[in-house]
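Below is one structure, written out as structure tokens; the observations come after it.
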Amino acid sequence: MNILLIHGLGRTPLSMWTMANSLQKAGHHPTFFGYTSVLHSFDEITQRLRFQLRSLSQLGPYGIVSHSLGGILTRAALTSADFATPTHIVMLAPPNQSPLAARLANRLFPFRWFARQCGHNMATPAFYTQLPALASPYTLIAGTAGPTGPLSPFGNEPNDLILSISEVKMHPEDPLLQVPALHSFIMNHPIAKQYTLEAFAAADSAALTETG
């Protein structure tokens with residue numbers, strides 16, 4: 001299966017390299033989508049991603065692996081899609097709710113300068129009310145290596161230092177796979193790779209059952 005990998009805020013496609021290597025060894029065909037929040041607005045990035053997804057859809061069934069902001073870009077790019085949607089989407093630590101960390105960081109000029117519209121959107125709860133849920137099947141993977149307790153901004157809720165597990169869910173009832181990893185490095189964790197490969201293996205099996 002063709003699988004597009006979409007990195008998070010402040011990262012590059014290189015951050016998804018080990019995940020791509022694991023997918024390739026499993027027989028998939030990974031490609032990358034890159035962007036820079038300093039140079040392009042959220043809307044411009046989304047438009048370019050939509051164009052790449054449309055092109056990828058013309059090659060046959062495809063999937064997506066997104067990290068952090070990459071998941072929100074994916075949701076936006078697939079809004080009212082006029083092309084075939086992904087067979088499956090794996091979202092690694094996606095801020096599917098407006099994250100506390102973004103709302104706090106957006107008060108600081110360096111973050112606002114760097115993250116621009118991408119950061120503003122994540123820090124704005126109203127943005128999320130206009131963001132549709134995914135129509136494609138998806139797997140949510142959250143990190144849990146962040147600190148908890150009285151000194152943690154997340155209290156006793158498991159978190160990855162940036163997101164709590166509740167901020168990863170699109171819907172309260174969403175099933176959630178948990179990995180003992182920090183936010184920025186979850187894509188490199190062996191368990192996250194295993195979950196990702198299992199998700200696409202299940203998607204391939206379901207597709208064969210439907211066509212058979």
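The basis for the numbers below is simple: all heavy atoms, side chains too, and nothing from hydrogens, waters or symmetry mates.
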How long is the gap from [atom1] on [X] to [atom2] on [Y], to the nearest 0.5 Å?
| X | Y | atom1 | atom2 | value |
| --- | --- | --- | --- | --- |
| Leu131 | Leu134 | CG | CG | 8.5 Å |
| Ile89 | Ile3 | CD1 | CD1 | 11.5 Å |
| Thr139 | His88 | OG1 | NE2 | 2.5 Å |
| Met1 | Leu59 | CE | CG | 13.0 Å |
| Ile141 | Asp160 | CD1 | CG | 12.5 Å |
| Leu140 | Leu92 | CG | CG | 10.0 Å |

*Any chance CZ of Phe51 has more than 12 other-residue heavy atoms, nucleotides or ligands included, within less than 6.0 Å?*
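Counting neighbours around CZ of Phe51, 12 or fewer heavy atoms of other residues, nucleotides or ligands fall under 6.0 Å, so no.
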
_Quick check on Glu198: does its CD atom have over 12 non-hydrogen neighbours (other residues, nucleotides or ligands) under 6.0 Å away?_
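Atom CD in Glu198 is crowded, with more than 12 foreign heavy atoms closer than 6.0 Å.
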
Answer with yes or no whether the hydrophobic clustering places [X] together with [Y]; edges join I, L, V, M, F, W, Y residues whose side-chain heavy atoms lie under 4.5 Å apart.
| X | Y | answer |
| --- | --- | --- |
| Leu73 | Met170 | yes |
| Leu182 | Ile162 | no |
| Leu177 | Phe200 | yes |
| Tyr138 | Leu5 | no |
| Phe127 | Leu69 | yes |

Test your reading of the model: is there a side-chain donor-acceptor pair from [X] to the backbone of [Y], 3.5 Å cut-off?
| X | Y | value |
| --- | --- | --- |
| Asn159 | Pro147 | yes |
| Ser98 | Met122 | yes |
| Arg112 | His120 | no |
| Ser136 | Pro86 | yes |
| Gln117 | Phe42 | yes |
| Tyr35 | Ser41 | no |
| Ser66 | Ile6 | no |
| Thr87 | Asp204 | no |
| Arg103 | Pro125 | no |
| Tyr195 | Val90 | no |

Do [X] and [Y] come within less than 4.5 Å of each other through their side chains, counting heavy atoms only?
| X | Y | result |
| --- | --- | --- |
| Ile64 | Phe33 | no |
| Phe83 | Gln58 | no |
| Arg11 | Ser184 | yes |
| Met91 | Val168 | no |
| Thr196 | Val65 | yes |
| Pro180 | Ile191 | yes |

Tell me the closest heavy-atom pair linking [X] and [Y], and the distance in Å.
| X | Y | result |
| --- | --- | --- |
| Pro95 | Tyr128 | O-OH, 2.8 Å |
| Ser37 | Ile45 | CA-CD1, 4.4 Å |
| Ser166 | Glu157 | OG-OE2, 2.8 Å |
| Asn106 | Ala123 | CB-CB, 3.7 Å |
| Arg116 | Val38 | NH1-O, 3.7 Å |
| Glu167 | Leu163 | OE1-CA, 3.4 Å |

*Qualifying ring pair (Phe, Tyr, Trp, His ring centres under 6.0 Å) pairs with a residue from residues 165-185, counting only residues at least two apart or across chains*: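 Every pair satisfying ring pair (Phe, Tyr, Trp, His ring centres under 6.0 Å) with a residue in residues 165-185: His67-His183.
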
_Stepwise side chain to side chain contact (heavy atoms under 4.5 Å, CB included) check, Leu9 with Phe114_ = CA-CA 10 Å; Leu9 180 67; Phe114 167 73; 4.0 Å; yes

Under 3.5 Å donor-acceptor pairs involving side-chain atoms of residues 14-32, not counting sequence neighbours:
from, atom 1, to, atom 2, distance (Å)
Ser15, OG, Thr12, O, 2.8
Thr18, OG1, Asn188, OD1, 2.7
Ser22, OG, Thr18, O, 3.3

